[in-house]
Number of protein chains: 2
Amino acid sequence: MTEPTQRLRKAERHERILMELRLRSHLRISDLARDFGVATETIRRDVAELEAGGRVAKAFGGVTPVAPGQRPDVDSRSRDRQKERAEIARQAAALVQPGDTIMLDAGSTAQELARYLSLGGQPVTVLTNSLNVAIILGSSEAASVRLCPGDLLAREAAVTGSETVEFLRRFHVGRAFIGASAISRNGITEAVPGFAAVKRAMMGQCAELVVMADQSKIGRTDTDLVTRFGPGLTLVTEAALPQEIRRALDDGGARVL
Amino acid sequence: MTEPTQRLRKAERHERILMELRLRSHLRISDLARDFGVATETIRRDVAELEAGGRVAKAFGGVTPVAPGQRPDVDSRSRDRQKERAEIARQAAALVQPGDTIMLDAGSTAQELARYLSLGGQPVTVLTNSLNVAIILGSSEAASVRLCPGDLLAREAAVTGSETVEFLRRFHVGRAFIGASAISRNGITEAVPGFAAVKRAMMGQCAELVVMADQSKIGRTDTDLVTRFGPGLTLVTEAALPQEIRRALDDGGARVL
DNA sequence: AGAGACATGTGGCACTTTCCACATTTTCAG
DNA sequence: CTGAAAATGTGGAAAGTGCCACATGTCTCT
């Protein structure tokens with residue numbers, strides 16, 4: 001066994017660091033070393049590993065989260081994607097009118113949109129199942145956030161399950177914004193168990209479903225089908241679409257930005 | 001006019017720092033100085049002012065956003081309290097049996113309890129209205145978390161409102177653990193608007209209400225009454241209680257740890 | 001039990017940051 | 001225009017941090 005045999009100590013420290021980071025946004029290496037009763041070099045090495053995995057960011061003298069409430073996409077490409085996501089989120093944000101009530105699901109693109117709305121001081125009411133979206137929008141004075149109930153999916157910092165779906169059904173909004181984990185000519189599909197049901201629930205309670213997807217999501221298919229293309233669906237993307245997907249969208253009466 | 005006439009430069013820097021912090025979670029003072037074309041001392045002073053206003057937190061070499069749900073306890077005693085809270089949380093955690101389902105409200109002591117349960121790998125199901133508690137317990141494999149719906153109170157990183165209360169009423173648990181913001185002979189009172197209702201709701205749905213309070217909460221009274229002392233109430237505290245509160249507890253049939 | 005891989009501690013040096021006192025510049029009221 | 005207050009810059013000592021090489025410790029597999 002090369003890897004599965006975990007040294008408890010180390011993994012435990014890593015977990016704790018990540019955990020504390022959710023609450024404190026900056027941990028000092030010297031403090032961590034004191035708390036854990038280890039040398040600063042050890043913590044420094046921990047941080048270096050976590051950083052290599054894209055899970056935290058180093059700061060002089062300490063550690064901080066990659067970005068306030070941002071998912072670690074792990075691989076280095078996430079940086080390029082960051083720009084694309086930002087652009088998509090910018091376009092999606094333009095669809096939001098002051099005073100609107102919207103639904104927003106979980107995912108990095110949704111968080112990016114939340115960030116735009118928050119920075120823009122947009123007065124909106126947001127229904128979401130994402131803790132990160134909630135926290136991001138919470139920093140805006142103008143936004144009010146209503147959080148869905150449900151079972152916590154820690155990896156995604158979001159809630160899912162029947163409670164979430166049932167809750168969403170009690171509302172109706174003009175637009176729902178969701179991220180997609182995969183888009184093919186068959187429609188929108190989702191990889192995270194439970195998310196498809198939430199996305200479908202949001203779709204069912206809005207006049208227009210805005211799907212945000214960057215290039216990396218296009219042409220792929222995941223396990224759970226969210227929806228096929230149809231009227232009332234708007235796809236926001238930054239990339240040119242392959243012929244067959246483009247046609248599938250047109251045939252279904254969907255809109256593309 | 002002594003104050004209203006702001007030097008643009010300064011206010012502008014402050015704004016930009018706050019703005020950037022929403023995206024980056026850590027800004028280095030030396031970088032900011034270079035970007036703004038000012039001396040590091042100037043930025044240092046900016047940061048000091050922002051920190052005094054509770055708008056950011058200093059880090060060695062930089063600035064980070066203040067974590068949501070973190071009261072501006074500001075004064076140095078909060079660190080000592082940390083130890084007391086940990087001790088209280090440890091005692092409260094001892095009440096939790098493997099497999100239990102509990103309710104847990106929002107607040108620093110509740111977070112501390114969550115941390116204990118998480119680190120202990122305790123297999124529990126937790127119902128909570130606190131995002132931080134959810135996130136902390138989310139890092140534990142053994143715990144499962146059910147989050148309440150409701151309106152987000154960003155400062156506390158928690159949800160409140162009728163939706164939260166209504167949701168809680170659908171469950172029943174053996175023990176509910178809540179923090180108290182003030183305890184006097186009149187009972188438990190709460191300062192944060194909306195929290196009292198949530199605490200009451202939790203109280204109504206459990207066999208035993210466990211109230212956690214450190215010394216600083218004792219002898220104070222806040223605006224909203226949560227409950228008077230009665231049977232089925234257990235107070236966990238690290239400090240000796242004043243005579244009159246002690247008697248009020250005994251008279252009501254409450255237990256003290 | 002022993003070799004070896006991995007984790008952690010130690011010490012030193014270069015570099016960065018902090019803090020403070022004081023000089024200098026900018027701004028504003030009268 | 002001028003003086004005072006506020007804002008900013010400067011310089012240097014003390015402290016904190018990063019990084020490197022190497023020593024020590026710890027666990028695993030054979």
Side-chain angles (χ1 to χ4, degrees), chain A residues 1-21 24-66 76, chain B residues 1-21 24-67 72 74-76 78-79 82 119 121 139:
Chain A
M1 285 186 259
T2 48
E3 202 265 316
T5 311
Q6 288 279 11
R7 256 37 153 272
L8 283 184
R9 282 312 239 288
K10 192 166 142 185
E12 191 183 345
R13 283 198 311 267
H14 288 199
E15 281 310 314
R16 272 228 27 193
I17 290 173
L18 291 172
M19 186 171 90
E20 296 283 340
L21 267 187
R24 242 165 284 279
S25 94
H26 178 86
L27 303 173
R28 206 152 154 174
I29 286 186
S30 50
D31 289 342
L32 288 169
R34 186 172 40 67
D35 291 351
F36 289 138
V38 297
T40 62
E41 267 303 301
T42 305
I43 302 293
R44 214 178 295 288
R45 282 187 271 245
D46 287 341
V47 170
E49 281 181 43
L50 289 169
E51 192 199 25
R55 316 243 288 162
V56 305
K58 277 198 296 188
F60 195 106
V63 214
T64 72
V66 246
S76 54
Chain B
M1 286 187 259
T2 49
E3 202 266 316
T5 311
Q6 284 282 9
R7 258 37 154 270
L8 281 185
R9 284 309 241 288
K10 192 165 141 186
E12 192 182 345
R13 282 199 310 268
H14 287 199
E15 281 310 314
R16 278 244 347 224
I17 289 172
L18 292 171
M19 206 78 144
E20 295 280 338
L21 269 185
R24 241 161 290 277
S25 96
H26 177 87
L27 302 173
R28 206 154 155 172
I29 287 185
S30 50
D31 290 342
L32 288 169
R34 188 172 37 69
D35 291 351
F36 289 138
V38 298
T40 62
E41 267 303 303
T42 304
I43 302 293
R44 214 179 297 288
R45 283 186 269 244
D46 287 342
V47 171
E49 281 179 43
L50 288 168
E51 192 200 25
R55 315 246 287 164
V56 304
K58 276 198 297 188
F60 194 101
V63 213
T64 72
V66 281
V74 181
D75 81 333
S76 55
S78 68
R79 209 183 205 173
Q82 168 65 25
L119 286 176
S139 73

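In what follows, chains carry the letters A, B, and so on, assigned in the order in which the sequence lines appear, proteins first and then strands, with residues in each chain numbered from 1. In this text the structure is predicted, and so the values were computed from the model without any measurement.
- Not one side-chain nitrogen or oxygen of B:T42 sits closer than 4.0 Å to the OP1 or OP2 atom of D:dA7.
- Residue B:E49 is the one, among B:E49 and A:A59, whose nearest nucleotide of DNA chain D lies closer to the 5' end (criterion: closest heavy atom).
- Only one option out of A:T64, A:V47, A:L50, A:V63 pairs with A:K58 in a side chain to side chain contact (heavy atoms under 4.5 Å, CB included); it is A:V47.
- Rounded to whole angstrom, the span from the CG atom of A:L32 across to the C1' atom of D:dG16 amounts to 15 Å.
- Between A:E15 atom CD and A:I17 atom CD1 the span is 10.0 Å, to the nearest 0.5 Å.
- When all heavy atoms of A:P65 and B:S25 are compared, the pair lying nearest together is O-OG, 3.0 Å.
- What you find for B:H26 and B:L21 is that their closest heavy atoms are N-CD2, 4.2 Å.
- In this structure, the CG atom of A:D31 is 18 Å from the P atom of D:dA15, given to the nearest Å.
- Counting only heavy atoms from C-beta on, A:A39 has its side chain closest to C:dG9 among D:dG9, D:dT17, C:dG9.
- Comparing atom distances between the B:D46 side chain and each of C:dG9, D:dT8, C:dT16 picks out D:dT8 as nearest.
- In this model, the phosphate group of C:dT16 is not approached by any side-chain N or O of B:R28 to a distance below 4.0 Å at OP1 or OP2.
- For the pair B:H26 NE2 and C:dT16 C1', the computed distance is 12 Å after rounding to whole Å.
- Separating the NZ atom of A:K10 from the C1' atom of D:dT26 is a distance of 13 Å, rounded to the nearest angstrom.
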Contacts under 3.5 Å, N or O only, protein and nucleotides 19-23 of chain C:
from   : atom 1 : to    : atom 2 : distance (Å)
C:dC20 : N4     : B:E41 : OE2    : 3.4

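- Rounded to whole Å, the distance from CG on A:L27 to C1' on D:dG16 is 17 Å.
- Residues satisfying the side chain to side chain donor-acceptor pair (under 3.5 Å) test with B:E49, not counting sequence neighbours, are B:K10.
- A:L50 has its CG atom 15 Å from the C1' atom of C:dA7, to the nearest Å.
- Following rounding to the nearest Å, A:I29 (CD1) and C:dT16 (P) show an atom-to-atom distance of 17 Å.
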Please tabulate, for the side chains in residues 27-43 of chain B, all donor-acceptor contacts under 3.5 angstrom to protein atoms that are two or more places apart in sequence or on a different chain.
from  : atom 1 : to    : atom 2 : distance (Å)
B:D31 : OD1    : B:R34 : NH2    : 3.2
B:E41 : OE2    : B:R44 : NE     : 3.1

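- A straight line from CD1 of B:I43 to C1' of D:dA7 spans 13 Å, rounded to a whole angstrom.
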